[in-house]
Amino acid sequence: MTPHARRRRRVLVWSLVAVLLVGAAIGGVAIWQNTYALREERITVRHDGRLLDGVLARPQHGDGPFGLVVFVHGDGPIDATHDTFYRPLWESFARAGYASLSLSKPGVGASQGDWQDQSMDDRAEETLAAITWARTRPDIDGRRVGLWGASQAGWVLPKVAARDRAVQFVIAISPAVDWQQQGRYNLLAELRRDGATQDEIRTALRRRETTLRLLREGATFEQYRAAVPDTDGMTAERWRFITKNYRSNASEDLRAMRGTPTLLVLAGHDVNVDVADTEAAYRRILPPASLAVRHYPDATHSLVDNAVENSEPRLTLTAVFAPRRLYAAGFLAHQRDFVEQITDRKGTE
């Protein structure tokens, strides 16, 4: 082998070593950033004859008893970790001395059943069953149980807090109050965001009115499909779910939970929920002393920074290398501060 060939081989070898070292370093950073100060335990809760799979995430150290935050999901087939999206939140609550409990929806993961068969009352009963289960554990302080829920959970959280007066607090993330008002707002917001013409908006609103009429008449999915040419992805299962829930309105349940400390979290780029309407309803119904409101002007409905959510490369890189920074600035700290204040307040009573 010539000296030139030997030098070339050495360069190639060291280049490969450098690539491997850089890859290992990047992988190490990703693993480190996705490691949380938590002890996660897979658990099972029995409710209504079905087994529901879940996770109990406790603080990294200590035997408790810990306070508990019970998570209530938004819409869709969501597993206990929400595809790991919840873990930064669990960690923030753990730093305040709270464990977190989250169940996979029926039919998701190892949970039995079908979440699309559920009404909001069904979802509330499921959450109450999770609380009852948690209060049997010696490592959980049953007097310090609160609720955290996002989006569709806005129709579940007040029901649970109204039925279980021992619930210590409620954290409501981007909730709506009236299902039908929220649906109309969402439809128009998405159409305008996507640059729809006035004719397209009028057509969509007519389709919506037809859909509501069919719901009021108790129409089957087949009748809906015959009356609405463009079903826009509607399935028989989704139609069944909507027929159970389209009348949902949280107002009465909010009145029934008066006095429960509540943190209302609202985003500035929310096309799913009319945040002005939600804030007005919460302020009108709940006593001022029991309500705290946090606005995140740069956040989307999911409380992810708007600039991050609307850039696929940035969203992916942030999720892998800095998952705690997915959320809007200050959000995780503010959640922790809220439960710490509740704990301090209860400790002085």
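Source: prediction; values computed, not measured. For the single chain, residues carry numbers from 1 onward in sequence order.
Annotation: side chain of R283 is not in contact with side chain of P288 (no heavy-atom distance under 4.5 Å). Side-chain contact between V265 and Q335: present, with at least one pair of heavy atoms (C-beta onward) separated by less than 4.5 Å. Side chains of I131 and V160 form a contact here, defined as non-hydrogen atoms less than 4.5 Å apart. S251 is listed as a side-chain neighbour of V177, based on a closest heavy-atom distance under 4.5 Å. With a 4.5 Å cut-off on side-chain heavy atoms, Q180 and R208 count as touching. At least one side-chain heavy atom of L188 sits under 4.5 Å from a side-chain heavy atom of I201. Inter-residue side-chain proximity for R336 and F93 is flagged as unmet; no heavy-atom pair is nearer than 4.5 Å. For the pair S111 and V108, the minimum side-chain heavy-atom distance is 4.5 Å or more.
In this structure, Y224 has its ring center closer than 6.0 angstrom to the ring center of W239. Taking the ring centroids of H334 and Y296, they lie under the 6.0 Å cut-off. Close placement of the H73 and Y86 rings is indicated, their centers lying within 6.0 Å of each other.
The environment of CZ in R207 is crowded: more than 12 heavy-atom neighbours from other residues, nucleotides or ligands sit within 6.0 Å. Counted within 6.0 Å of CZ on R202, heavy atoms from surrounding residues, nucleotides or ligands total more than 12; the atom is thus considered enclosed. More than 12 heavy atoms of other shown residues, nucleotides or ligands fall within 6.0 angstrom of atom CG in D194.
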Derivation of the side chain to side chain contact (heavy atoms under 4.5 Å, CB included) call for T81 and W90: CA-CA 10 Å; T81 72; W90 295 350; 3.9 Å; yes
Derivation of the ring-ring contact (aromatic ring centres under 6.0 Å, His included) call for F85 and Y327: CA-CA 10 Å; F85 190 65; Y327 292 101; 4.7 Å; yes
Residue pair R137, E41: steps toward the salt bridge (charged side-chain N to carboxylate O under 4.0 Å, His left out) verdict: CA-CA 13 Å; R137 290 183 59 110; E41 176 186 347; 3.0 Å; yes
Worked verdict on T127 versus L147 for side chain to side chain contact (heavy atoms under 4.5 Å, CB included): CA-CA 9 Å; T127 305; L147 305 173; 4.1 Å; yes
E190/N186 under side chain to side chain donor-acceptor pair (under 3.5 Å): CA gap, chis, key distance, verdict: CA-CA 6 Å; E190 289 188 346; N186 174 229; 3.3 Å; yes
Chi angles and distances behind the side chain to side chain contact (heavy atoms under 4.5 Å, CB included) call for L101, V55: CA-CA 6 Å; L101 174 62; V55 173; over 6 Å; no
Residues Q181, D274; criterion side chain to side chain donor-acceptor pair (under 3.5 Å); working and verdict: CA-CA 8 Å; Q181 188 276 344; D274 184 344; 3.2 Å; yes
Worked verdict on V70 versus V167 for side chain to side chain contact (heavy atoms under 4.5 Å, CB included): CA-CA 10 Å; V70 179; V167 165; over 6 Å; no
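In this structure, H61 NE2 and R39 CZ are separated by 8.0 Å, a value rounded to the nearest 0.5 Å. Rounding to the nearest 0.5 angstrom, the gap separating the CG atom in D48 from the CG atom in D122 is 7.5 Å. Summarising the geometry, atom CH2 belonging to W155 is positioned 9.0 Å from atom CG belonging to N249; distances are rounded to the nearest 0.5 Å. Between atom CZ of residue R192 and atom CD of residue E200 there is a gap of 13.5 Å, rounded to the nearest 0.5 Å. To the nearest 0.5 angstrom, L68 atom CG is 9.5 Å from D139 atom CG. Rounding to the nearest 0.5 Å gives a distance of 9.0 Å between OH of Y282 and CG of L266.
Salt bridge status for D337 with R95: absent, with no side-chain N to carboxylate O gap under 4.0 Å. Between R324 and E91 there is a salt bridge, since at least one side-chain N of the basic residue sits less than 4.0 Å from a carboxylate O of the acidic one. A salt bridge links R213 to E217: one of the charged nitrogens lies within less than 4.0 Å of a carboxylate oxygen. The residues R238 and D75 are annotated as salt-bridged, a charged nitrogen and a carboxylate oxygen being separated by less than 4.0 angstrom. A salt bridge is absent between R284 and E279; no separation between the charged side-chain nitrogens and carboxylate oxygens falls under 4.0 Å. At a threshold of 4.0 Å, the pair R87-E40 counts as salt-bridged, since one of the basic side-chain nitrogens sits closer than that to a carboxylate oxygen. Between R240 and D114 there is a salt bridge, since at least one side-chain N of the basic residue sits less than 4.0 Å from a carboxylate O of the acidic one. Between E309 and R314 there is no salt bridge, since no side-chain N of the basic residue sits under 4.0 Å from a carboxylate O of the acidic one.
Following chains of ILVMFWY side-chain contacts shorter than 4.5 Å, one cannot reach I342 starting from V72, and the two form parts of different hydrophobic clusters. Linking Ile, Leu, Val, Met, Phe, Trp and Tyr whenever their side-chain heavy atoms come within less than 4.5 Å puts Y98 and F71 in one cluster. V156 and V69 sit in two unconnected hydrophobic clusters of ILVMFWY residues. Membership requires side-chain heavy atoms under 4.5 Å apart, directly or through other members.
Under the 3.5 Å distance criterion, the side-chain polar atoms of S151 are left unmatched by any main-chain donor or acceptor of G74. Side chain of S92 to backbone of L89: a donor-acceptor contact under 3.5 angstrom is found. Between the S174 side chain and the H301 main chain, a donor and an acceptor come within less than 3.5 Å of each other. A donor-acceptor distance shorter than 3.5 angstrom exists from the side chain of T210 to the backbone of R206, with no hydrogens or angles considered. For R58 (side chain) and A99 (main-chain N/O), no donor-acceptor pair under 3.5 Å exists by modelled atom type. Formation of a donor-acceptor pair under 3.5 Å by the T44 side chain with backbone atoms of D53 is not found in this model. Not a single donor-acceptor pair under 3.5 Å links the side chain of Q112 to the backbone N or O of R50. A donor-acceptor pair under 3.5 Å links the side-chain atoms of T300 to the main chain of V304, judged by distance alone. Here the side chain of R258 pairs a donor or acceptor atom with the backbone of I285 at under 3.5 angstrom.
Looking at I173, V170, L263, V339 one by one, the single match for side-chain contact (heavy atoms from CB on, under 4.5 Å) with W148 turns out to be I173.
The minimum heavy-atom distance linking L52 with P106 is given by the pair CD2-CG, 4.1 Å. Counting all heavy atoms, side chain and backbone alike, L303 lies closest to A267 at CD2-CB, 4.4 Å. The minimum heavy-atom distance linking P229 with A227 is given by the pair CD-O, 3.5 Å. Considering every non-hydrogen atom in both N245 and M120, the closest pair reads OD1-N, 2.9 Å. Of all non-hydrogen atoms in K105 and R123, the two that sit nearest each other are CE-NH2, 3.8 Å. Between H269 and P297 the shortest heavy-atom distance is CD2-O, 3.1 Å.
Annotation: cation-pi pair R144/F66 absent, no NZ/CZ under 6.0 Å from the ring centroid and within 45° of its normal.
Using cut-offs of 30° and 60° on the angle between ring planes, the pair F338 and F169 is perpendicular.
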